[in-house]
A.B. asks: 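Sharing a structure below in structure tokens format, with a few things to ask.
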Amino acid sequence: MSRLSVFETVLVQFDKAADLMELDPEIRKILSHTTNEIVVNFPVVMDNGCVRMFTGYRVQHNNVLGPYKGGLRFHPQVDLDEVRALAAWMTWKTALAGIPYGGAKGGIDVRPWELSPRELERVTRRFTFALGSNIGPEYDIPAPDMNTNPQIMAWILDTYLQMMPPMERNRAVHVVTGKPVESGGSVGRNKATGQGLVFVLEAWAKDHGFELQGATYIIQGFGNVGSWAARLLKPLGAILVGVEDHSGALVNPEGIDPDDMAAWVEREGRIQGYAKAEPVDHETFFGTQADFFIPAALEEQITAETAPLLKVGVVIEGANGPTDVDGDRIMLEKGIHVLPDVLANAGGVIVSYFEWLQNKRSEFWDLDEVDARLHRQIVGAYCSVRDIAKEYQTDWRTAAYIVALRRLEQTYKKRGIFP
Ligand code: NAD
């Protein structure tokens, strides 16, 4: 059988939950499709004076619960299928988190590391211009994802505001979230996805008598999500014994200091060359003995090839879609517990929602308030998933989908289908 595309994987996960919960067949038809798919080709003048064409995407999956919401990814793997999948996952994630958003995602097919900072800025601004009124503060709100960051969000904001009449500009600052704090961002947004993941893991550990103090783990991806998760796990006593990123993998059974590694990556842009751990190949990294694994890079990493190698008891998905259908089946057979992406990495979009609310109300919340609200919201979602998994005697991914799909179904049933 040929390998499923990423969006096909989403549909397999969706169908499993929809069958189990007996989702209304008419609503099922709607939710298995995206709503809008925007593809833009745009020119950018490069530093050498030549024009280069770029292709950007924005897929809006569903907005029955509120404005479309989801990140922008700059990566050569970005294509329509991947963006569709990521947009659908956002619909389930926002519904599960109980925040008033729909799901969207976007990105550019580009190798950002090959661009100069000025080229990156021009590509970002020109993409924002090309998207035009397809995004908006009450309509579709982008945020950071792989290879995009607060600086890029600030350029998007600035470009979007330039396209508006001057008297409207101050009312549109919430067109994008994940902004630098100086440009209307929220404190706590940068670490939010890692923080949410740690809150979910702590809740799970408490329920399962699992001791985080002294527990060992490996992490794939040491960017925003991975590095923050590791840094926040350090004070809880968990020990990082293996890391992989795009440049290779490193292990050290004695432990790798996450702050030291983060400082290295900040300086070097990769884990490669870090001297206080041993380089290993991809297979050895996946076979590292540890208590848990945090995938926090790309999708389709835990597969028929890699899942059999895993020697961990729990997987907490920081990345979106790191596990394909075979990976899920094999982990289930091996008794590996999976805390699924739509739950475990929801902290980012939850704090994005807080940023959006603060912008709308001209308020500034302090870090204690942001963290306390994030904790309440994500642990609430955790409890719903746990309870539904028990009620339906199913895995947690399917349970997370059921919680989300129930909310979407109830909303459609009340509102009806136009006309
Ligand atoms: P990032 O760009 O900050 O970091 C990505 C990391 O993945 C880097 O360390 C990179 O080296 C690594 N990587 C890339 N290709 C790899 C490969 N082939 N093998 C191993 N490692 C590889 O991105 P991020 O924002 O941390 O996002 C990581 C994942 O988390 C993505 O799936 C993203 O969709 C998801 N996510 C991010 C957020 C957020 O707030 N940033 C929120 C929810 C989910």
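Values in this document were obtained by computation on a predicted structure and should not be read as measured data. One is the number of the first residue; the rest follow in order along the sequence. Whatever order the structure lists them in is the order used to number ligands and atoms, beginning at 1.
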A.B. asks: Are any protein N/O atoms closer than 3.5 Å to the N/O atoms of ligand 1? If there are, list each pair with names and the distance to one decimal place.
C.D. replies:
unit_1, atom_1, unit_2, atom_2, d
ligand 1, 2 (O), Asn147, N, 2.8
ligand 1, 3 (O), Asn224, N, 2.8
ligand 1, 9 (O), Phe222, N, 2.8
ligand 1, 9 (O), Gly223, N, 3.3
ligand 1, 11 (O), His246, N, 3.2
ligand 1, 11 (O), His246, ND1, 2.5
ligand 1, 21 (N), His246, N, 3.4
ligand 1, 26 (O), Asn224, N, 3.2
ligand 1, 26 (O), Val225, N, 2.9
ligand 1, 30 (O), Gly318, O, 3.4
ligand 1, 32 (O), Arg73, NH2, 3.4
ligand 1, 32 (O), Ala297, O, 2.8
ligand 1, 32 (O), Asn320, N, 3.1
ligand 1, 34 (O), Arg73, NH2, 2.9
ligand 1, 34 (O), Asp145, OD1, 2.6
ligand 1, 34 (O), Asp145, OD2, 3.3
ligand 1, 34 (O), Asn320, ND2, 2.8
ligand 1, 40 (O), Arg189, NH1, 3.4
ligand 1, 40 (O), Arg189, NH2, 3.4
ligand 1, 40 (O), Thr193, OG1, 2.8

A.B. asks: With sequence neighbours excluded, give me every salt bridge (charged side-chain N to carboxylate O under 4.0 Å, His left out) pair touching residues 215-240.
C.D. replies: Arg231-Asp259, Lys234-Asp257, Lys234-Asp259
A.B. asks: Under the rule for ring-ring contact (aromatic ring centres under 6.0 Å, His included), what residues qualify as partners of Phe14, not counting sequence neighbours?
C.D. replies: Trp92
A.B. asks: Among side-chain atoms of Glu317 and Thr323, is any donor-acceptor pair under 3.5 angstrom?
C.D. replies: yes
A.B. asks: Examine the side chains of Asp324 and Thr303 and answer whether a donor and an acceptor come within less than 3.5 Å of each other.
C.D. replies: no
A.B. asks: Listing request: all ring pair (Phe, Tyr, Trp, His ring centres under 6.0 Å) pairs with a residue in residues 281-302, at least two apart in sequence or in separate chains.
C.D. replies: Tyr217-Phe292, His282-Phe286, Phe286-Phe293
A.B. asks: Distance alone, cut at 3.5 Å: any donor-acceptor contact between the side chains of Asn63 and Tyr139?
C.D. replies: no
